[in-house]
Every structure is written in structure tokens, then in C-alpha cells.
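The basis for the numbers below is simple: all heavy atoms, side chains too, and nothing from hydrogens, waters or symmetry mates. Since we're looking at a predicted model, the values are computed, not measured. Every chain is numbered from 1 and lettered A, B, ... according to where its sequence line falls, protein lines coming before strand lines.
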2 protein chains.
Amino acid sequence: MSQSQSELLPRRRSIDTRKRLLDLAEQQVLAKGFVATSIEELVAGVGITKSGFFYHFKDKNDLARALLERHIVRERELLDDLFRRADELNDDPLHGFLVALRLFAEMMAALPEAHPGCIAATLCYQDQLFDRTIHELNAQSVLSWRVRFRERFARIVAAYPPAEPVDLDALADMMSTLIEGGLVMGRALRDPSILPRQVLLFRDFVRLTFRP
Amino acid sequence: MSQSQSELLPRRRSIDTRKRLLDLAEQQVLAKGFVATSIEELVAGVGITKSGFFYHFKDKNDLARALLERHIVRERELLDDLFRRADELNDDPLHGFLVALRLFAEMMAALPEAHPGCIAATLCYQDQLFDRTIHELNAQSVLSWRVRFRERFARIVAAYPPAEPVDLDALADMMSTLIEGGLVMGRALRDPSILPRQVLLFRDFVRLTFRP
DNA sequence: GACGTTACTGTACCATAGGTAAAGCTCGTC
DNA sequence: GACGAGCTTTACCTATGGTACAGTAACGTC
């Protein structure tokens with residue numbers, strides 16, 4: 001998917017310059033947005049020159065793409081891990097899901113400050129500044145959440161047929177929707193508790209919907 | 001709250017230049033974000049010069065503030081109207097609320113294209129570019145939604161005591177959260193149906209929570 | 001009809017940021 | 001010792017936000 005960069009062993013001095021650029025960029029983008037993060041600021045922070053930046057990234061769009069790709073991978077790993085842990089503790093699909101949601105809410109609540117926002121959402125609102133690949137990566141990531149949750153809900157429905165018909169796609173999207181919205185809200189009100197509380201409300205909704 | 005501009009009758013030629021600037025700016029900001037919207041582009045579209053822009057707005061931050069103030073007023077009027085219409089049809093607080101949510105979902109679904117996004121969220125994700133007034137306006141607007149909905153829920157709770165305790169503040173915030181998140185999602189997937197479907201899910205949640 | 005105000009235009013200019021082009025240097029590996 | 005990765009140095013171009021200020025046409029007021 002990305003360059004062959006990671007396969008070959010990186011050589012030579014300051015092997016991690018690219019990674020340090022990405023780390024600093026991520027931190028600054030989450031704190032103040034992509035546009036407000038200047039290339040000059042990044043290279044100064046990392047201790048290289050502007051030309052050095054353009055050696056690693058074709059342009060600022062390329063930096064955005066790299067940030068987003070890294071974010072998507074991490075996010076997937078985090079969810080995989082979460083559901084694996086929840087399923088280890090539970091055979092029942094509904095119960096396992098509720099446990100995963102609780103774990104997730106606790107993770108969100110434990111984040112140091114108000115989590116400043118999801119890279120995806122940050123880029124999404126400025127995606128006209130970027131090329132199509134950014135938008136497609138974003139869409140693909142959101143869809144993978146939908147697929148993941150819908151599959152869980154299919155198993156839950158099999159075990160706990162709901163009393164009334166449920167829009168499973170929408171229910172799956174609700175999780176992503178509440179997260180993205182919760183980040184916006186948390187940012188607007190400078191209140192980090194909003195996101196975890198919304199996740200717990202979603203958990204209540206799932207519980208009510210599939211209650212035996 | 002804002003300038004004394006609207007009280008005095010506007011005089012002279014092209015009385016509506018400022019409004020036309022705001023209209024075009026709103027359209028462009030929703031379509032491609034605030035930073036991607038250039039002042040030159042706005043003045044060209046409206047048929048004035050750059051100096052003319054800075055006559056009306058101190059700087060770009062001032063434009064953002066004016067856009068946000070206008071947006072907040074319209075949003076409040078829209079909600080007032082919606083609830084008034086729903087309450088006219090219903091005496092019961094729960095029923096009226098459910099009707100209002102359905103009306104709202106229908107309104108969102110009827111929007112021409114994917115609604116490109118809420119001005120507030122758009123600015124929220126770039127609010128480090130602006131001064132504190134932008135952030136405060138945003139927070140105040142979100143809080144007004146919370147107050148409005150919490151008050152409705154208080155009346156509903158009185159009529160329909162829920163089986164288990166409910167976090168009314170979080171439930172009130174859920175509406176804003178789903179709207180902001182739904183706009184992000186709709187934009188990411190280019191699917192205008194996501195937001196109305198989320199609103200209808202929220203409606204189901206409220207119904208389940210307070211069912212007799 | 002003079003006068004002041006509003007709503008601009010015109011000109012000139014500055015700083016910052018993204019971006020390009022190309023030559024050179026330096027360290028580690030083969 | 002050659003080669004290439006990972007930069008540095010220098011120079012320069014463009015777009016955009018923003019400032020400063022002088023001038024001017026239309027209009028309302030007295």
C-alpha cells in the first residue's frame with residue numbers, strides 16, 4: 001500500500017528522521033489543525049532543513065497521506081486488540097460487545113487531556129485541500145468500522161432477535177458517528193468526558209435494543 | 001452581541017455587499033473549508049476589491065466570527081420553529097419530542113446534496129487559527145442545545161419515569177454529537193442519508209428509554 | 001448647495017508559507 | 001574507492017493574508 005520504505009532496512013545516520021517528522025506533525029496537527037502546522041516549524045523541531053522535508057515527503061499532501069495511513073493502521077490494531085480481549089472474557093456475542101464498549105469508553109476516559117481529535121476528522125474537514133487519495137483513505141477506514149460492527153451485530157441478532165426491526169448499518173455507523181461527533185463536542189466544550197459518556201450511552205442503546 | 005450595524009438602516013448603494021460576502025463565504029467554506037476559501041476569490045465573486053473586503057471585515061477571523069454568529073442565530077430559529085410545530089400537534093412531551101425528531105430527520109434528508117457540514121464543526125477543527133471569541137461562540141452554541149434538550153428531557157422524565165437512571169446531560173448532548181458526527185461521516189462517505197438515519201436511531205433510543 | 005459620512009477603489013507594499021531547482025557534502029556499505 | 005542515501009546550501013517563485021493611506025462617488029442632512 002505505501003512505499004517499499006519499510007521493507008528495506010533503513011540505513012545511515014538519523015534513521016528515524018521520517019518517523020520523527022511524522023510524530024511531531026501528528027502532535028501539532030491534533031493540537032492545532034493541519035493548515036496551522038507549518039513545514040518550517042516541523043523541520044525546526046526535528047533539526048533538519050526545509051529541503052530535508054521535501055526529501056522525505058513530496059509535498060504537504062504527501063505528509064497528510066502518511067499521517068492518515070499510520071493512523072488507520074494503529075486504529076485497526078487498537079480495535080482488534082480490544083475485541084480480542086473482550087471476546088477472551090466472553091462467549092456470548094452481546095456480552096462480549098458490551099464489554100468491549102466499556103473497555104473502549106474507559107480507554108477514552110483515560111486519555112491524558114481532552115483528546116484533541118481524530119486525525120481522520122481533522123483531515124476530513126479540510127479534504128478539499130488534498131488530493132483524492134486522502135478522501136478515499138478516509139472513506140475506506142470508516143467503511144471498515146461499519147463492516148466490523150455490522151458483523152458483530154449480525155451475530156448478536158442471531159442470538160438475541162430484537163423485538164422490532166433494526167437498521168444494522170446505521171447502528172454500526174452510530175459508533176463511528178458518536179466518536180467523530182464526540183471529538184468535535186469534546187473539543188468545542190474542552191470537556192474530555194463527553195466522548196466516553198457517549199460511548200456508554202451507545203452501549204445502553206445496544207443493550208436496550210437486544211435485551212432478552 | 002454583534003455590532004449596531006443591523007439596527008440602523010443600511011444606506012447607500014449596494015447595501016447588501018456585506019451580506020453577499022457572507023453568503024458566498026458560507027457557501028465556499030461549507031464546500032471546501034475556511035482556509036481554502038481565499039479573500040481574493042470572495043471579492044472577485046462579489047465584484048469588489050480587496051480593500052472593500054477589509055472595509056467590512058477587520059480580517060479573516062472577523063469573517064469567521066460573522067459567519068458563526070449568523071449560523072447560530074439561524075440554527076436557533078430553526079429549532080424553535082421545529083419544536084413549536086411539533087408541540088402544536090402534541091400535548092405529550094415525549095410524543096412531541098419524537099415528532100420533532102422525525103421532522104428534523106426529514107429536513108436533513110431533504111437537503112439537496114450531502115449537506116457539506118456544519119459551520120461550527122468546520123471552524124471548530126481549525127479554531128487554533130482564530131481568536132478566543134470563535135471558540136467561545138462555538139461552546140456557547142453547543143451548550144444552548146444541551147440546555148434546550150435537557151429541559152425537554154426533564155419534562156419527559158416527569159411524565160415517563162425511566163426504568164433505569166439516565167444521564168440526561170449526555171442524552172441531551174447525544175443529539176449534537178450525532179449531528180456533528182453525522183456530518184463528518186456523511187462527508188467522508190459522500191452519503192447524505194447517514195445523518196437523518198442517525199437522528200432516527202436517536203429517536204428509537206429515546207423511545208426505548210422512556211417507553212411506558 | 002455645502003458638508004460629512006458611507007462605501008468603497010487604487011496603489012503600493014510587506015511577511016509568511018508552500019514549493020521548485022540544482023549543486024554539493026558526508027557517511028556507511030559494498 | 002565508488003556509489004547512493006540522506007541530507008545541506010543557495011536561490012528563487014507564487015499565493016495569500018494583511019497594512020497603509022490617499023482618493024472618490026453617492027447619498028443624507030442641514
Side-chain angles (χ1 to χ4, degrees), chain A residues 2-25 28-29 32-67 123 126-131 134, chain B residues 3-25 28-29 31-67 123 126-131 134:
Chain A
S2 67
Q3 304 89 318
S4 59
Q5 143 125 12
S6 42
E7 284 97 76
L8 330 169
L9 291 181
R11 354 231 153 136
R12 238 54 69 59
R13 70 184 181 285
S14 82
I15 44 170
D16 58 348
T17 300
R18 188 186 148 99
K19 179 179 183 310
R20 279 161 57 224
L21 276 172
L22 283 171
D23 288 342
L24 181 56
Q28 295 301 307
V29 168
K32 62 189 187 192
F34 190 76
V35 235
T37 300
S38 74
I39 294 176
E40 314 246 9
E41 164 194 356
L42 297 178
V43 299
V46 162
I48 59 172
T49 64
K50 208 164 121 181
S51 302
F53 175 89
F54 287 105
Y55 173 76
H56 287 291
F57 302 101
K58 185 172 152 280
D59 50 23
K60 227 187 161 186
N61 183 89
D62 195 32
L63 171 67
R65 194 181 44 71
L67 281 175
L123 295 181
Q126 318 182 354
D127 67 356
Q128 304 276 359
L129 291 177
F130 308 121
D131 62 25
I134 296 284
Chain B
Q3 304 90 314
S4 59
Q5 144 125 14
S6 42
E7 283 96 77
L8 329 169
L9 291 182
R11 353 228 155 135
R12 236 54 67 62
R13 70 184 181 286
S14 81
I15 43 170
D16 57 349
T17 299
R18 188 186 148 99
K19 180 177 182 311
R20 278 160 59 222
L21 276 172
L22 284 171
D23 288 342
L24 181 55
Q28 296 300 308
V29 168
K32 61 189 185 194
F34 190 76
V35 234
T37 300
S38 74
I39 295 176
E40 313 246 10
E41 164 195 355
L42 296 179
V43 300
V46 163
I48 60 171
T49 64
K50 210 165 120 177
S51 303
F53 175 89
F54 288 106
Y55 172 78
H56 288 290
F57 302 101
K58 188 173 149 278
D59 49 23
K60 226 188 161 185
N61 183 90
D62 195 32
L63 172 66
R65 194 182 43 70
L67 281 176
L123 295 181
Q126 318 182 352
D127 66 358
Q128 303 278 358
L129 292 176
F130 309 121
D131 63 24
I134 295 284

Taking the side chain as every heavy atom from C-beta outward, state whether [X] and [Y] have any atom pair closer than 4.5 Å.
X	Y	value
A:Leu63	A:Phe53	yes
A:Leu24	A:Arg20	no
A:Ile39	A:Phe54	yes
B:Phe57	B:Leu21	yes
B:Leu67	B:Leu22	yes

Tell me the interatomic distance from [X], atom [atom1], to [N], atom [atom2], rounded to whole angstroms.
X	N	atom1	atom2	value
A:His56	C:dG18	NE2	P	17 Å
A:Phe54	C:dA21	CZ	P	12 Å
B:Lys19	C:dA7	NZ	P	16 Å
A:Ile39	C:dA17	CD1	C1'	8 Å
B:Asp16	C:dT6	CG	P	18 Å
A:Glu40	C:dA15	CD	P	15 Å
A:Asp62	C:dT20	CG	P	11 Å
A:Lys60	C:dA17	NZ	C1'	8 Å

Please determine whether a side-chain nitrogen or oxygen atom of A:Thr17 lies at a distance below 4.0 Å from atom OP1 or OP2 of D:dC7.
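Result: yes.
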Can you tell me which residue among A:Thr17, A:Asp23, A:Asp16 is in a side chain to side chain donor-acceptor pair (under 3.5 Å) with A:Lys19?
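Single side chain to side chain donor-acceptor pair (under 3.5 Å) partner of A:Lys19 among A:Thr17, A:Asp23, A:Asp16: A:Asp23.
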Tell me if a side-chain donor or acceptor on B:Asn61 pairs with a main-chain N or O of B:Asp131 at a distance below 3.5 Å.
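Side chain of B:Asn61 to backbone of B:Asp131, a donor-acceptor pair under 3.5 Å: yes, one is there.
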Write down the protein N/O and nucleotide N/O pairs, taken from nucleotides 9-14 of chain C, whose separation is under 3.5 Å; answer none if there are no such pairs.
residue : atom : partner : partner atom : Å
C:dT9   : OP2  : B:Thr49 : N            : 2.8
C:dT9   : OP2  : B:Thr49 : OG1          : 2.7
C:dG10  : N7   : B:Ser51 : OG           : 3.4
C:dG10  : O6   : B:Ser51 : OG           : 2.6

Residue pairs fulfilling salt bridge (charged side-chain N to carboxylate O under 4.0 Å, His left out) with at least one residue in residues 46-60 of chain B, sequence neighbours excluded:
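Every pair satisfying salt bridge (charged side-chain N to carboxylate O under 4.0 Å, His left out) with a residue in residues 46-60 of chain B: B:Glu40-B:Lys50.
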Under 3.5 Å, which N/O atoms of the protein pair with N/O atoms of nucleotides 13-15 of chain D?
none

Pair A:Arg65 + A:Asp62, salt bridge at N-O below 4.0 Å
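Here A:Arg65 pairs with A:Asp62 in a salt bridge, since their nearest N and O are under 4.0 Å apart.
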